[in-house]
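Values below: every heavy atom of this structure, side chains too, minus hydrogens, waters and symmetry copies.
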Amino acid sequence: MASQRTLCHSVLERLAKAGVLEDLVLIGSWCLEGYKSYFGRKTPLTILRTRDIDFLVPRPTRLRTSVDVPALLEELGFVTDFHRGGYIRLLHPELIVEFLVPERGRGTDHPVRLPQLGINAQALRFLNMLEENTITATLEGVRVRMPHPAAFALHKLLIAPRRQGRPSKQAKDLDAAVAVLEALRVHGAIELVREHLASMPPRWRARIRQVLGTRQELREWLALLYGS
Amino acid sequence: MARVIRHVLHEELVNSRRMQRRYAQALRGLGRGSLVRKLIGGHPYYYLAAREGARVRFRYLGKLSVPERQERLAKHRKRGQYRRLLREVKQQIRFLERSLCG
């Protein structure tokens with residue numbers, strides 16, 4: 001685990017030195033590590049996570065500098081993996097770096113080319129809500145942009161039902177959402193979650209309501225967020 | 001919870017197997033052999049030493065310029081790094097397979 005953290009630090013530091021980190025948003029389960037510094041170390045925020053470290057590239061892409069990310073990370077031992085979907089992942093035994101972009105319109109199966117970063121990224125639905133509400137927190141000693149915890153938790157609730165045929169992934173999403181919501185409640189920020197929820201499109205709100213209503217352990221959040 | 005852990009382990013096993021293929025591919029792309037310097041008549045000449053079955057064969061490269069030497073040494077270092085990482089991946093695969101089958 002120590003070498004994974006060291007490698008994570010090296011990846012973030014390299015991206016920061018290359019001048020692209022400030023234009024990226026860290027998403028996925030590594031955010032929980034950053035939220036520990038945001039909420040304070042005593043907040044229990046532990047979930048099961050894989051080696052993936054995901055970066056969101058906001059759209060329209062306004063990167064201040066261009067950098068060949070695969071070449072930048074090759075020195076650390078990363079190898080480039082072309083996924084059959086056409087997008088690129090950078091693999092290392094301790095960490096898998098992936099780049100994502102928000103999906104637009106009707107969506108497409110094709111990867112999105114990002115020549116400024118020398119990669120192809122995967123487009124996924126609902127990611128725009130993560131890029132719109134961000135905070136800056138410290139992860140492995142590096143300042144990183146990541147979604148506001150409220151946006152992170154609501155996004156996890158929103159995408160959980162889309163994990164059809166992958167119940168374990170769905171359970172992981174819901175665990176992460178509940179862990180972050182709990183941390184927000186401990187810090188008296190439930191009103192903030194309600195505000196985030198209110199700013200979402202009605203169909204998304206309805207979907208989150210449905211998710212909260214389906215599981216016994218999530219029902220208390222239904223009452224807290226929707227007052228029912 | 002057990003099912004979630006099992007799923008995560010399976011996902012990691014798939015990732016590690018993919019990683020193993022990628023490192024093996026990258027290693028093939030870097031070629032084989034180590035750069036050896038021999039001083040003959042006071043002049044340095046370079047050879048590529050590579051194992052062929054039971055014996056080590058030296059292929060004559062001649063006098064190499066500094067950039068050529070640096071390029072070969074960089075490749076050599078990269079091969080060492082990838083071999084170490086490939087070993088790590090193989091260990092992970094063994095661990096994950098044991099965890100999922102046990």
Q: With a cut-off of 6.0 Å (strictly less than), are more than 12 heavy atoms of other residues, nucleotides or ligands near NE2 of A:His110?
A: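 Check fails, neighbour count at 12 or below.
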Q: Side-chain contact, heavy-atom cut-off 4.5 Å: A:Arg51 with B:Gln92?
A: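 Yes, at least one pair of side-chain atoms sits under 4.5 Å.
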Q: Is any side-chain heavy atom of B:His7 closer than 4.5 Å to a side-chain heavy atom of A:Lys172?
A: no
Q: Using non-hydrogen atoms only, which part of A:Leu76 is less than 4.5 Å away from chain B: side chain, backbone, both, or neither?
A: backbone
Q: Between CG of B:Leu85 and CG of A:Leu91, what distance do you get to the nearest 0.5 Å?
A: 11.0 Å
Q: Just give me the residue among B:Arg18, B:Arg77, B:Glu11, B:Arg84 that pairs up with chain A most often, heavy atom to heavy atom, under 4.5 Å.
A: B:Arg18
Q: Do B:Gln81 and A:Glu75 have side chains that get closer than 4.5 Å, going by heavy atoms?
A: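 They are not in contact (no side-chain heavy atoms under 4.5 Å apart), so the answer is no.
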Q: May I ask you to list the residues in residues 20-40 of chain B that approach chain A closer than 4.5 angstrom, counting heavy atoms only, ordered by number?
A: B:Arg22, B:Tyr23, B:Ala26
Q: Please enumerate all residues that pass side-chain contact (heavy atoms from CB on, under 4.5 Å) together with B:Gln91, with sequence neighbours excluded.
A: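 Testing B:Gln91 for side-chain contact (heavy atoms from CB on, under 4.5 Å), a comparison that skips the adjacent residues, returns B:Arg94.
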Q: Please output the side-chain donor-acceptor pairs of residues 41-51 of chain B that fall under 3.5 Å, not counting sequence neighbours, one pair per line with the distance.
A:
| from | atom 1 | to | atom 2 | distance (Å) |
| --- | --- | --- | --- | --- |
| B:Tyr46 | OH | B:Arg69 | NE | 3.3 |
| B:Tyr46 | OH | B:Arg69 | NH1 | 3.4 |
| B:Arg51 | NH1 | B:Ala54 | O | 3.2 |

Q: Looking at B:Leu9, B:Val89, B:Leu86, B:Asn15, which one has more heavy-atom pairs under 4.5 Å with chain A than the rest?
A: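 Top option by heavy-atom pairs under 4.5 Å: B:Asn15.
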Q: Would you say that more than 12 heavy atoms from the other residues, nucleotides or ligands in this model lie under 6.0 Å from the NE2 of B:His10, or not?
A: no
Q: For residues 58-65 of chain B, run the donor-acceptor check on the side chains, cut-off 3.5 Å, and write out each pair with its distance to 0.1 Å, sequence neighbours left out.
A:
| from | atom 1 | to | atom 2 | distance (Å) |
| --- | --- | --- | --- | --- |
| B:Ser65 | OG | B:Glu68 | N | 3.4 |
| B:Ser65 | OG | B:Glu68 | OE1 | 3.2 |

Q: Just checking A:Arg125: does its CZ atom have more than 12 heavy atoms from other residues, nucleotides or ligands closer to it than 6.0 angstrom?
A: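 Result for CZ/A:Arg125: enclosed.
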